[in-house]
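What follows is a single structure, written as structure tokens, with notes after it.
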Amino acid sequence: MGFIQTIIDKHKEKVKLRNDICDNLIMKIDTALQEINILFLDSYSFVEPSEEIEWNNRNVSLIADVSITNIQKLKKAIHYKSLLEKQAELYHSANSLKQQISVHNDRVADAKIQNAYALIGNVEGRKLDKQQMTCIVKDAHNHLVIAGAGTGKTTTVVGKIKFLLKSGRYKPEDILVLSFTNASASEMSQRINQETGCNIDASTFHKLGLNIITKVNGIVPKITQLNLRTFVKEQLLLNMQSDAYLNLLSSYLLYNRVVSKSEFEFKTQAEYEEYLRLNPPTTISNETVKSYGEMDVANFLTQNGIQYIYEHPYKVDTRTSEYGQYNPDFYLPEYDIYIEYFGINKNGEVPSYFKGANGMTATQTYQASMKWKRETHSANNTILIECYAYEKFDGVLLDNLKEKLVAKGVKLTPKTTKELWEQVSVDSDSILDGVIELFETVINLIKSNGYTIATMRQLNIGNSNAQNNNTVLSLLEPIFNAYCDYLSEHKEIDFNDMINMATQYVEQGKYISPYKYVIVDEYQDISKARFSLLNSMRKSKDYDLFCVGDDWQSIYRFAGSDIGYILNFEQYWGSTEISKIETTYRFTQKLIEISGNFIMQNPVQIKKSIKGKNDTVGFALGEISGYTDKFSIEFMAKKLEDLPRDSSVFFIGRYSFDAKLLSDSGLFECQYNNVSGFMEVKYRKRIDLKMSFITAHKSKGLQADYVFIINNKKSRMGFPSKIQDAAILNLLLDNCDQYPYAEERRLFYVALTRAKKKAFLVTVSNQESEFAMELKERYGEELKREQWECPLCGGKLLKKSGPYGEFFGCSNYRSSGCTYKRKIK
């Protein structure tokens with residue numbers, strides 16, 4: 001009897017334990033759900049986005065405990081059904097909490113907007129739209145505002161500051177506004193003062209750094225007046241007096257004139273051939289060969305005084321029904337030796353896009369060709385030296401070639417330093433300019449990132465371009481050290497030091513930020529160094545952060561800007577309230593659709609629904625095409641004659657030298673204005689037009705009625721530019737956006753969106769760039785139709801006759817009195 005009772009008692013205990021566990025879980029879920037309800041109790045208070053992460057962190061173990069796998073063990077508990085219901089509610093709340101916070105905050109913002117309108121009134125003379133006001137009233141520790149081109153982001157920033165001051169939560173001295181140029185910081189300061197009557201710290205990052213250093217040291221640091229590019233040139237010429245340095249420089253130029261890509265880095269034959277066309281593998285003897293590996297072999301032979309003939313016919317007639325005459329890659333007549341460069345990897349494979357033949361794969365076909373060549377040499381007792389693409393990948397191609405040549409009795413007679421330099425530097429000025437520009441950029445980026453040459457060497461270990469990069473570092477090291485020594489000896493700092501030293505002082509606790517609210521304008525341009533300064537300031541003393549930017553206009557990667565900081569904002573700053581300003585006051589809805597579709601081909605870009613002004617005249621995009629550059633510019637000049645009186649016009653180029661297309665045409669007078677920094681353009685037939693040439697980079701933030709984008713050619717220096725970054729820059733710059741021509745696409749978007757009324761693509765027939773072709777393929781019908789629309793009112797053009805000949809006239813002449821006419825040639 002006692003045994004049975006024991007079993008009954010144990011069963012009761014087990015049942016009770018199961019029920020207790022079930023009830024305890026229900027109670028914990030109720031507590032977690034109650035925490036969420038408490039967040040939203042005050043319908044007039046914002047909820048910090050970080051509350052979602054904090055709630056999840058507090059309840060992560062509970063969510064795991066009530067997984068279906070775990071609670072199935074409680075199936076027989078009295079309240080198991082209730083547990084299932086509560087579990088579903090918990091999971092739904094966990095998955096939707098971020099959205100709930102966003103919806104709640106939007107409701108709170110809506111409720112607060114009317115009060116805010118009453119509090120701040122108009123800003124810079126106009127009533128802000130709802131999205132702008134939402135940005136202004138939302139209260140968050142981290143707030144990122146994604147603002148489209150021309151959406152009034154600066155006005156929004158001014159309105160935000162006005163709201164912060166009027167609400168009484170912040171004093172002027174609590175607020176810091178950061179921008180990227182002296183001009184934009186100065187403009188921001190003036191606009192804030194005019195609107196609020198208060199002086200707010202509106203500064204560049206460099207000025208902020210300078211102020212921190214001054215405060216810590218009690219004295220303004222001495223800013224170097226040294227021109228870095230001039231210094232680099234002087235040091236380069238000085239080092240070139242050394243034979244060893246000149247040899248290394250010659251060797252670098254010999255094997256690194258272009259950024260050579262492997263055949264295996266391309267997906268199609270067309271891509272590979274296109275890259276070779278734009279970046280031709282040209283030898284020191286000015287021969288164009290078929291691959292970069294062949295270029296290295298040819299240059300090595302020349303460098304070591306070995307005569308060769310490229311693709312010289314083999315000494316035996318090899319023609320059959322299957323094979324033509326054999327032309328080995330290189331023939332050394334003095335030694336009767338042949339050299340072949342085989343484009344295979346270590347597995348003996350060729351790129352997948354190579355073509356096969358006779359039912360064989362590309363690799364089988366190539367291997368058969370290699371076998372035939374080997375058998376041909378064997379049968380005719382001729383010497384063949386083999387080189388392979390994988391040797392180039394591994395950086396051992398030339399060392400292996402040297403061993404093979406010496407083993408065959410080939411005498412290497414290296415050119416003297418002077419002879420080699422004379423051959424390498426046929427166009428020495430332009431070659432040295434390229435080296436100087438690269439070294440200046442690398443020095444700035446090394447210093448901006450807080451690196452040393454030793455750091456760079458460490459980063460380079462295992463890099464696919466390690467050999468090339470090490471050569472650059474060896475050439476750069478004495479110049480970099482001389483620059484650092486100069487600054488140290490003269491007790492001077494440069495612009496990079498301003499930010500980096502300030503960051504160090506903050507991290508060391510020597511400076512505590514007095515600011516409670518920090519606003520960053522043009523946040524898409526943030527760099528690693530600038531982020532580090534902001535982050536160190538926040539760690540020393542917390543502040544609310546309000547950033548405004550447009551990832552679609554991130555165009556300064558070459559200067560260290562990292563688009564990842566805006567695309568992955570929460571990763572760097574934590575939970576964030578994200579708002580958008582999407583109503584542009586600059587250009588038309590159709591141009592918004594055209595430019596928006598264009599930029600969003602890159603899926604990494606943040607989606608926006610930009611809204612603009614109503615279209616007034618015709619289609620927002622036009623094309624002007626000619627068979628040559630000269631004709632294109634002439635036709636463009638004719639289009640200028642059609643523009644409304646006193647219009648403003650930008651000619652936008654990818655490079656500053658694109659202005660030569662205008663000046664060399666003989667139709668335009670071009671004169672550089674030192675005050676504005678623009679090239680002023682005059683056309684004698686339309687002296688009323690206000691016209692300027694400007695590069696796409698410099699056009700950012702500016703606008704004109706009409707924009708003509710020139711140099712839309714498919715070339716190395718067209719738009720998009722095909723110039724490759726030097727390999728070493730990839731150790732210093734971000735590579736988070738791998739979409740083809742990603743930054744060039746953003747730059748083209750900037751050019752398109754400078755137009756208030758209409759943008760024109762100036763093209764050359766059959767030489768259109770990828771971007772021009774993309775837009776033509778998408779809007780071909782509209783572009784054709786646009787040629788027959790009146791540029792003044794959008795009406796249809798009709799062919800008419802008059803006392804002075806035939807002309808095209810506007811069909812709206814009778815209905816609206818449009819008097820537009822265009823002569824027929």
Side-chain angles (χ1 to χ4, degrees), residues 250-266 268-315 318 324-335 337-345 350-351 353-355 362 366 369-370 373 377 383-402 404-405 410 412 414-415 420 423-427 431 465 467-468 715-716 722-724 727:
S250 300
S251 184
Y252 169 71
L253 294 172
L254 201 59
Y255 300 110
N256 299 282
R257 288 192 174 194
V258 295
V259 179
S260 60
K261 286 191 173 184
S262 147
E263 299 92 321
F264 291 85
E265 292 182 54
F266 300 89
T268 66
Q269 184 80 27
E271 282 181 13
Y272 179 50
E273 289 174 355
E274 175 72 359
Y275 189 83
L276 291 179
R277 185 181 71 79
L278 295 170
N279 304 275
T282 306
T283 71
I284 190 176
S285 303
N286 211 29
E287 290 175 300
T288 299
V289 292
K290 290 178 180 173
S291 70
Y292 299 111
E294 288 186 0
M295 180 183 75
D296 287 355
V297 171
N299 286 341
F300 178 84
L301 296 174
T302 301
Q303 184 182 4
N304 288 284
I306 302 167
Q307 184 189 357
Y308 71 85
I309 305 173
Y310 183 62
E311 294 194 331
H312 186 64
Y314 187 60
K315 60 171 59 181
T318 60
Q325 178 58 40
Y326 176 33
N327 297 292
D329 292 332
F330 300 94
Y331 176 58
L332 312 186
E334 189 178 348
Y335 300 96
I337 290 175
Y338 295 92
I339 299 174
E340 282 283 10
Y341 176 82
F342 293 126
I344 58 172
N345 62 20
V350 297
Y353 56 78
F354 277 22
K355 291 178 182 176
Y366 198 90
S369 173
M370 289 172 62
K373 290 173 181 177
H377 284 285
I383 300 171
L384 172 65
I385 290 176
E386 296 184 13
C387 301
Y388 311 100
Y390 64 79
E391 292 177 310
K392 180 168 172 58
F393 308 159
D394 294 343
V396 296
L397 172 65
L398 301 183
D399 289 338
N400 290 352
L401 176 59
K402 182 178 179 180
K404 293 168 187 173
L405 288 169
V410 176
L412 275 65
K415 291 183 180 288
L420 185 60
Q423 193 157 4
V424 168
S425 62
V426 175
D427 190 8
I431 283 179
N465 290 291
Q467 192 174 37
N468 174 6
S715 66
R716 192 162 180 260
K722 306 290 180 63
I723 294 177
Q724 300 287 310

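Note: hydrogens, waters and symmetry copies are ignored here, and every other heavy atom, side chains too, is used. Bear in mind that the values here come from a model prediction, so they are computed numbers and not experimental data. Heads up: numbering here begins at 1 and tracks the sequence.
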Handout entry: Lys402 vs Leu412 side-chain heavy atoms within contact, under 4.5 Å
Key = yes
Exercise for the section: Find the distance between NZ (Lys355) and CD (Gln269) and round it off to the nearest 0.5 Å. Expected result: 6.5 Å
Exercise for the section: Could you walk me through whether Tyr310 and Val289 pass the side chain to side chain contact (heavy atoms under 4.5 Å, CB included) test, one step at a time? Expected result: CA-CA 8 Å; Tyr310 183 62; Val289 292; 3.6 Å; yes
Handout entry: Heavy-atom side-chain proximity of Phe342 to Cys387 below 4.5 angstrom
Key = no
Problem - Side chain to side chain, Leu401 and Ile385, heavy atoms closer than 4.5 Å - result: yes
Exercise for the section: Walk me through it: do Tyr292 and Glu263 pass the test side chain to side chain donor-acceptor pair (under 3.5 Å)? Expected result: CA-CA 9 Å; Tyr292 299 111; Glu263 299 92 321; over 6 Å; no
Exercise for the section: Kindly write out the residues that satisfy ring-ring contact (aromatic ring centres under 6.0 Å, His included) with Tyr338, not counting sequence neighbours, or none if the list is empty. Expected result: Tyr314, Tyr331, His377
Fill in the blank from the handout: Output for pair (Phe300 CZ, Leu397 CG), nearest 0.5 Å, gives 9.0 Å
Problem - Shortest non-hydrogen contact from Pro351 toward Ala362 - result: O-CB, 4.4 Å
Exercise for the section: Check whether any side-chain heavy atom of Asn345 lies under 4.5 Å from a side-chain heavy atom of Phe264, and answer yes or no. Expected result: yes
Problem - Glu311/Phe330 under side chain to side chain contact (heavy atoms under 4.5 Å, CB included): CA gap, chis, key distance, verdict - result: CA-CA 6 Å; Glu311 294 194 331; Phe330 300 94; over 6 Å; no
Handout entry: From CG (Asp394) to CG (Asp399), nearest 0.5 Å
Key = 11.5 Å
Exercise for the section: Could you pull out all residues at least two apart from Phe266 that satisfy ring-ring contact (aromatic ring centres under 6.0 Å, His included)? Expected result: Tyr272, Tyr275
Exercise for the section: Give the intermediate values and the outcome of salt bridge (charged side-chain N to carboxylate O under 4.0 Å, His left out) for residues Glu386 and Lys404. Expected result: CA-CA 9 Å; Glu386 296 184 13; Lys404 293 168 187 173; over 6 Å; no
Handout entry: Asp329, Leu405, Ile306 screened by side-chain contact (heavy atoms from CB on, under 4.5 Å) with Ile339, the one that passes
Key = Leu405
Exercise for the section: Look at atom CD of Gln467 and say whether more than 12 heavy atoms of other residues, nucleotides or ligands are closer to it than 6.0 Å. Expected result: no
Fill in the blank from the handout: Partner of Leu301 under side-chain contact (heavy atoms from CB on, under 4.5 Å), picked from Ile284, Val410, Leu332, is Leu332
Handout entry: Contact check, side chains of Met295 and Thr282, non-hydrogen atoms, under 4.5 Å
Key = no
Exercise for the section: Side-chain contact test, heavy atoms from C-beta onward, threshold under 4.5 Å: evaluate it for Lys373 versus Pro328 and give yes or no. Expected result: no
Handout entry: Spacing of OG belonging to Ser251 relative to CD belonging to Gln303, to within rounding of 0.5 Å
Key = 5.5 Å
Exercise for the section: Look at atom CD of Glu334 and say whether more than 12 heavy atoms of other residues, nucleotides or ligands are closer to it than 6.0 Å. Expected result: no
Problem - Heavy-atom side-chain proximity of Thr302 to Tyr308 below 4.5 angstrom - result: yes
Problem - Spacing of NE2 belonging to His312 relative to CG belonging to Asn327, to within rounding of 0.5 Å - result: 9.0 Å
Handout entry: Geometric class of the Tyr366/Phe354 ring pair [parallel <30°, tilted 30-60°, perpendicular >60°]
Key = tilted
Problem - Tyr390: ring-ring contact (aromatic ring centres under 6.0 Å, His included) partners, not counting sequence neighbours - result: Tyr388
Problem - Main-chain N/O of Glu287 paired with Ser285 side-chain donor or acceptor, under 3.5 Å - result: no
Handout entry: Backbone N/O of Pro281 and side chain of Thr288: donor-acceptor pair under 3.5 Å
Key = no
Handout entry: Side-chain donor or acceptor of Glu294 paired with backbone N/O of Lys290 under 3.5 Å
Key = yes
